[in-house]
Amino acid sequence: MNPLTDPSPLSPLGKATEYRCHYAPELLFPIPREIKRREIGIDPAALPFVGEDLWNAYEISWLDPRGKPLVALGCFHIPAASPRLIESKSLKLYLNSFNQTPFEALEKVRETLVRDLSAAAGALVTVELTALADRPLPTLGYPEGELLDRLEVDCQEYHPAPHLLQADPARVVEETLYSHLLKSNCLVTGQPDWGMVVIRYRGPALDRAGLLRYIVSFRNHNEFHEQCVERIYTDLMARCHPDALAVHARYTRRGGLDINPFRSSGHFPAPGNVREVRQ
């Protein structure tokens, strides 16, 4: 059975789901990464990249031992090498199940999240929790690179079109290019996902107009955030042969969560958790 196209009766994918406010780890719905990776030519046993999926969670709440609600922000780091990703609606439902659940302290909440998310992903998930009472502030910013969006280009293709990618082997550069025009759709619901994509590379100079058209070509494409980033990484490697490459996307939040996948050849470190202005 393909859990993406024929989910089990226990899956929340594409269904109306009753709100549960007491701790229910069984709500988490993991999806094997292998299915889509094989589709784009990635051998799950020999990944061509390293990286992580960084999730920010803005709706985490539980009860203290006296029944008083507490609220916090969460940041989850899921390794790209984990065998499974976690479907976002199921993660939202799981987090909501904490709402009427007592915990002794914030650290107990964090330990519970680490245990459950790691079990679902099949690898150790790092969890950071910050109480709102500690007055955390967001870090907003833009990539240190060149924006592609002001280029005057004609766009006619709205499904991934890797043939649009070209590079000049006679000109080797190291640069960072980014665009706010990434849009794809949820693989299950078809609802739009909006994001910024950042491409850092060293190697033959990318044709910027073609790169922007390629980014736009995801506009009607149905795929999860993580899968879109891996497709972009794989297409750039196959078509343009950079010596080093990193692809990073920051998607706007849905259901109190934003997902920010990062894939790298290993030559570039993961960026900090700097929010895109729409997040």
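Computation of the quantities below employed the complete heavy-atom set of this structure, encompassing side-chain atoms and omitting hydrogens, waters and symmetry-equivalent molecules.
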Trainee: Any chain of hydrophobic side-chain contacts (each under 4.5 Å) joining Ile86 to Phe262?
Mentor: no
Trainee: Please evaluate residues Glu39 and Gln227 with respect to the criterion side-chain contact (heavy atoms from CB on, under 4.5 Å), reporting the C-alpha separation (whole Å), side-chain torsions for both, the decisive distance (0.1 Å), and the verdict.
Mentor: CA-CA 10 Å; Glu39 179 182 304; Gln227 297 160 352; over 6 Å; no
Trainee: Quick one: do Lys36 and Glu230 satisfy salt bridge (charged side-chain N to carboxylate O under 4.0 Å, His left out)? Show the steps, please.
Mentor: CA-CA 9 Å; Lys36 296 296 287 187; Glu230 292 184 2; over 6 Å; no
Trainee: Answer with yes or no whether the hydrophobic clustering places Leu164 together with Leu181; edges join I, L, V, M, F, W, Y residues whose side-chain heavy atoms lie under 4.5 Å apart.
Mentor: yes
Trainee: Test Thr252 against Asp258 for side-chain contact (heavy atoms from CB on, under 4.5 Å), laying out the working first.
Mentor: CA-CA 6 Å; Thr252 58; Asp258 64 49; over 6 Å; no
Trainee: Does a side-chain heavy-atom distance below 4.5 Å link His180 with Arg278?
Mentor: yes
Trainee: With distance as the sole test, does Asn260 use its side chain to make a donor-acceptor pair with the main-chain N or O of Leu54 at under 3.5 Å?
Mentor: yes
Trainee: Is it true that a side-chain atom of Arg84 and a backbone atom of Ala120 form a donor plus acceptor pair closer than 3.5 Å?
Mentor: yes
Trainee: Would you say the side-chain atoms of Asp149 and Ser179 include a donor-acceptor pair closer than 3.5 Å?
Mentor: yes
Trainee: Only counting residues at least two apart or in another chain, list the ones meeting ring-ring contact (aromatic ring centres under 6.0 Å, His included) with Phe268.
Mentor: none
Trainee: Report the residue from Asn220, Asn222, Asp193 that forms a side chain to side chain contact (heavy atoms under 4.5 Å, CB included) with Ser184.
Mentor: Asp193
Trainee: How about Arg239 and Tyr214: do any of their side-chain heavy atoms sit closer than 4.5 Å?
Mentor: no
Trainee: Do the side chains of Leu212 and Tyr158 join up, straight or via other hydrophobic residues, at under 4.5 Å, putting them in one cluster?
Mentor: yes
Trainee: Do you know which two heavy atoms are closest between Arg213 and Asp154, and how far apart they sit?
Mentor: NE-O, 2.8 Å
Trainee: Does Phe49 have Arg263 sitting over its ring (NZ/CZ under 6.0 Å from centre, angle to axis within 45°)?
Mentor: yes
Trainee: Using side-chain heavy atoms (C-beta onward) and a distance below 4.5 Å, is Leu70 in contact with Ile60?
Mentor: no
Trainee: Keeping Arg38 on the side-chain end and Pro44 on the backbone end, is there a donor-acceptor pair under 3.5 Å?
Mentor: no
Trainee: With no hydrogens and no angle check, is any side-chain donor or acceptor of Thr189 less than 3.5 Å from a backbone partner on Cys186?
Mentor: no
Trainee: Between Asn99 and Asn96, is there a donor-acceptor pair closer than 3.5 Å when you use the side chain of the first and the backbone of the second?
Mentor: yes
Trainee: Answer yes if the side chains of Glu174 and Tyr201 hold a donor-acceptor pair under 3.5 Å, and no otherwise.
Mentor: no
Trainee: Look at the side chain of Asp43 and the backbone N and O of Ala45, then say whether any donor-acceptor pair between them is shorter than 3.5 Å.
Mentor: yes
Trainee: Testing Leu165, Leu148, Leu236 one by one against Leu206 for a side chain to side chain contact (heavy atoms under 4.5 Å, CB included), which residue passes?
Mentor: Leu236
Trainee: Identify which one of Ser88, Pro261, Cys75 satisfies the side chain to side chain contact (heavy atoms under 4.5 Å, CB included) criterion when paired with Trp55.
Mentor: Ser88
Trainee: Are the side chain of Ser97 and the backbone of Ala24 linked by a donor-acceptor contact shorter than 3.5 Å?
Mentor: yes
Trainee: Donor-acceptor pair, Thr101 side chain versus Tyr23 backbone, under 3.5 Å?
Mentor: yes
Trainee: Going by the side chain to side chain contact (heavy atoms under 4.5 Å, CB included) test, name the single residue among His267, Arg202, Met237 that passes it with Pro242.
Mentor: Met237
Trainee: Test ring-ring contact (aromatic ring centres under 6.0 Å, His included) on Tyr178 and Tyr142 and set out the steps.
Mentor: CA-CA 9 Å; Tyr178 71 100; Tyr142 292 91; 7.0 Å; no
Trainee: Begin from the C-alpha positions of Ile259 and Glu226 and carry the test side-chain contact (heavy atoms from CB on, under 4.5 Å) through to its verdict.
Mentor: CA-CA 8 Å; Ile259 308 173; Glu226 302 93 332; 4.0 Å; yes
Trainee: Among the clusters formed by ILVMFWY side chains lying less than 4.5 Å apart, do Val274 and Leu140 turn up in the same one?
Mentor: no
Trainee: Run Arg208 and Glu175 through salt bridge (charged side-chain N to carboxylate O under 4.0 Å, His left out) and show every step you take.
Mentor: CA-CA 12 Å; Arg208 295 184 179 187; Glu175 63 181 359; 2.7 Å; yes
Trainee: Do you know which two heavy atoms are closest between Ala80 and Arg37, and how far apart they sit?
Mentor: O-NH2, 2.7 Å
Trainee: Give the C-alpha distance, both sets of side-chain angles, the deciding distance and a yes or no for side-chain contact (heavy atoms from CB on, under 4.5 Å) between Leu73 and Asn56.
Mentor: CA-CA 8 Å; Leu73 299 177; Asn56 290 306; over 6 Å; no
Trainee: Under the 3.5 angstrom rule, does the side chain of Arg219 hit a backbone N or O of Lys183 as a donor-acceptor pair?
Mentor: no
Trainee: What heavy-atom pair brings Ser61 and Val71 nearest, and what distance separates the two atoms?
Mentor: OG-CG1, 3.7 Å
Trainee: Is there a donor-acceptor pair closer than 3.5 Å between any side-chain N or O of Gln279 and the backbone N or O of Tyr251?
Mentor: yes
